[in-house]
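Report on one structure; see the data block that follows.
Positions are given from 1, in the same order as the sequence printed here.
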Amino acid sequence: MSEPKKQSFLHGTMLLAMSTAIVKIIGAVYSVPLNAIIGPEGFGYYSTAYEIYTVLLMISTAGLPVAMSRMISQASSVGNYRQVRKIYSVSRTIFLSLGLVGTLLMVLGCQWLAGVLHQPDAWTAIGILGPCCFLICMMSAYRGFFQGQSNMMPTSVSQVLESICKLIVGIGAALLVLHQTKSVPLAAGGAIFGVTISCLVSSLYLGSSFRKSYKTLPQSGEAVDSGKKIAKSLLAIAIPITIGSAGLQILTVLETERYMGHLLNFMTQSQADTQKGIYNMTQKIFNMPCAFITPITISIIPAITAQLTRKEMSGAKDTAESSARVAALISAPCAVGLAVLAEPVTGLLGRYSGENLTLAASLMAILGVCIMFNAIVLLTNAIMQAHGHVILPVVNMFVGGIVKLVTISILTANPRIGILGAPIGSLLCYLCITVLNLFSMRKVLPHSPAILKNMGKAVFSALLMGAAVFGSWQGLLYLSGGSLSHIIACGAPILVGVVVYLVSAIKLKAITREDCLLLPKGEKIAKMLHL
């Protein structure tokens with residue numbers, strides 16, 4: 001019984017990973033011209049709206065999809081499809097109620113929220129993004145239903161649809177509004193309008209897919225829990241996760257208020273808005289590789305939950321360790337690569353030069369290191385949640401969040417450090433949570449997976465790659481006399497890095513033959529890699 005579920009886990013992970021790759025490519029295509037169209041200031045307004053939206057989004061959807069996915073997975077694994085239907089019905093009611101509250105808060109309180117964050121011109125973007133709260137809650141109900149049955153296809157397709165619509169409508173609206181009004185704040189609102197429309201299109205697709213899938217659920221005559229009991233069970237799982245996720249996002253908003261307040265003590269509003277825009281752009285780049293870890297965490301929660309329900313303890317441990325190897329294969333080279341190539345990457349994607357490029361490169365180098373620790377945090381959180389330990393990750397995340405807030409409050413007040421204190425705070429935050437999570441897992445899990453051991457070979461391969469990438473970049477700079485285009489400065493070292501990393505990972509067996517056999521065409525992949 002464990003083998004089919006593991007196949008389902010990795011197939012689902014691959015589906016989400018492929019859709020995430022497409023989404024991230026589209027996201028890069030979107031962010032780069034958007035940054036050029038509305039500038040760092042406008043990108044700061046755009047990002048401020050997103051920060052507020054993310055807080056309300058986390059309150060609405062962070063814990064509930066995980067809880068819904070776990071409970072549906074448990075009911076499906078024993079064939080109780082009446083319970084599956086009941087869980088969905090109760091979850092949907094909770095989702096939509098929270099979404100409506102979030103939408104009303106953003107739309108009616110947009111000017112007040114913009115003022116609190118020291119960016120009064122961001123109110124247009126905040127208000128236009130408001131309806132997304134309701135739409136994303138509707139989408140989360142659908143996605144939780146599909147993910148609980150390890151069906152990742154609708155989620156994958158909806159993500160791609162969402163990104164394409166955001167790209168077309170967002171860029172088009174930003175250009176049109178800027179041309180008609182010459183107003184950067186209104187143009188940022190136009191870009192946000194693309195996000196709202198993309199959520200609407202995605203929710204329509206998911207609703208159509210859901211109706212088809214819901215009709216095909218087998219009929220069963222088992223007894224089901226009452227709506228009140230299901231709601232209690234959902235909230236018992238969801239509330240701790242939501243507190244942790246939303247708590248971190250609230251801390252992020254507080255951090256923005258802190259560092260913007262400090263920056264305005266020794267620079268103008270325009271300079272502070274520009275630096276915030278540059279920092280937000282580097283965060284966008286940071287989030288690209290981090291987003292590839294999310295498909296793994298989404299897939300392992302129902303997979304491990306189902307294995308534990310069937311008392312397959314060794315299978316649950318194997319799934320966790322396999323996910324660690326896959327996560328390291330993705331995150332390690334991204335972390336090292338972005339840290340080493342911070343200057344050419346930010347120069348290429350952000351089109352920065354002079355002092356702005358120097359600042360962007362410094363911010364990106366620090367955030368690059370954060371990627372590896374963030375991957376471990378996301379993975380270990382998911383593993384503990386799948387085992388039913390939802391409180392510990394919350395406590396650990398709060399501790400890390402407080403470390404981050406204190407660090408940012410102290411460092412950004414120093415004019416010599418300024419906004420560089422923000423990514424330094426993030427690094428200390430993720431490092432703190434990583435240590436706490438690994439310690440917690442060893443204490444509470446009867447068969448704790450060896451996370452660091454299974455990540456070690458990929459990390460070592462990435463370090464070898466980093467040395468080769470840095471050497472090739474510096475060599476090109478020397479040969480060109482320092483006048484090297486950002487495309488060549490990024491492209492050539494990345495090609496060298498890919499070759500070195502693949503050879504190193506294969507030689508060090510960073511991925512095992514057993515991992516390959518769980519993938520589509522796994523036998524051929526293992527043979528090709530000589531595993």
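Between Phe146 and Met153 the shortest side-chain heavy-atom distance does not fall below 4.5 Å. Looking at Tyr142 and Pro154, their side chains never come closer than 4.5 Å, going by heavy atoms from C-beta outward. No side-chain heavy atom of Ser183 sits less than 4.5 Å from a side-chain heavy atom of Leu178. Side-chain atoms of Glu355 and Thr358, non-hydrogen and from C-beta on, never get closer than 4.5 Å to each other. Residues Asp273 and Met260 have side chains in contact (heavy-atom distance under 4.5 Å, counting atoms from C-beta outward). Looking at heavy atoms from C-beta onward, Leu206 lies in side-chain contact with Ser202 at the 4.5 angstrom threshold. Looking only at side-chain heavy atoms (C-beta outward), Tyr45 and Gln119 come within less than 4.5 Å of each other. Using a 4.5 Å cut-off on side-chain heavy atoms (C-beta onward), Val469 and Leu341 make contact.
Residues forming a side-chain contact (heavy atoms from CB on, under 4.5 Å) with Ala327 (at least two apart in sequence, or on another chain): Ile293, Ile296, Leu379, Met455. Residues meeting the ring-ring contact (aromatic ring centres under 6.0 Å, His included) test with Phe134, sequence neighbours left out: none. Applying the ring-ring contact (aromatic ring centres under 6.0 Å, His included) rule to Phe373 yields no partners; only residues at least two apart in sequence or on another chain are considered.
A pairwise comparison of heavy atoms in Ile278 and Tyr352 identifies CA-OH, 3.6 Å as the closest pair. Across every non-hydrogen atom of Val177 and Ala187, the tightest pair is CG1-N, 3.7 Å. Shown here for Leu129 and Met106, the closest heavy-atom pair between the two residues is CB-CE, 4.0 Å. Across Pro493 and Leu476, no two heavy atoms sit closer than the pair CD-CD1, 4.0 Å. In terms of heavy-atom proximity, Leu135 sits nearest to Thr196 at CD1-O, 3.8 Å. Summarising the geometry of Gly421 relative to Ile408, their closest heavy-atom pair is O-CG1, 3.6 Å, with the distance given to 0.1 Å.
Under a 3.5 Å cut-off, the side chain of Gln275 and the backbone N or O of Ala272 do not form any donor-acceptor pair. No donor-acceptor distance shorter than 3.5 angstrom exists from the side chain of Ser47 to the backbone of Gly44, with no hydrogens or angles considered. Remark: side-chain polar atoms of Ser409 are paired, donor with acceptor, to backbone N or O of Leu405 under 3.5 angstrom.
Between the side chains of Asn287 and Gln283, no donor-acceptor pair of N or O atoms lies under 3.5 Å. Inspection of the Asn280 and Lys276 side chains reveals an N or O donor paired with an N or O acceptor under 3.5 Å.
For Phe193, the CZ atom is loosely surrounded, since the number of other residues' heavy atoms within 6.0 Å does not exceed 12. Residue Ile487 places its CD1 atom among 12 or fewer non-hydrogen atoms of other residues, nucleotides or ligands, all under 6.0 Å distant.
Salt-bridge formation is detected for the pair Glu162/Arg143: a Lys NZ or Arg NE/NH1/NH2 atom is positioned less than 4.0 Å from an Asp or Glu carboxylate oxygen.
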Inset, instruction - Decide side-chain hydrogen bond (donor to acceptor under 3.5 Å, both in side chains) for Gln385 and Asn381; before the verdict, give the C-alpha distance in whole Å, the side-chain angles of both, and the deciding distance to 0.1 Å. - result: CA-CA 6 Å; Gln385 288 163 7; Asn381 279 352; 5.4 Å; no
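Ring geometry for Phe210 against Tyr214 counts as tilted: the plane angle lies between 30° and 60°, on a 0 to 90° scale.
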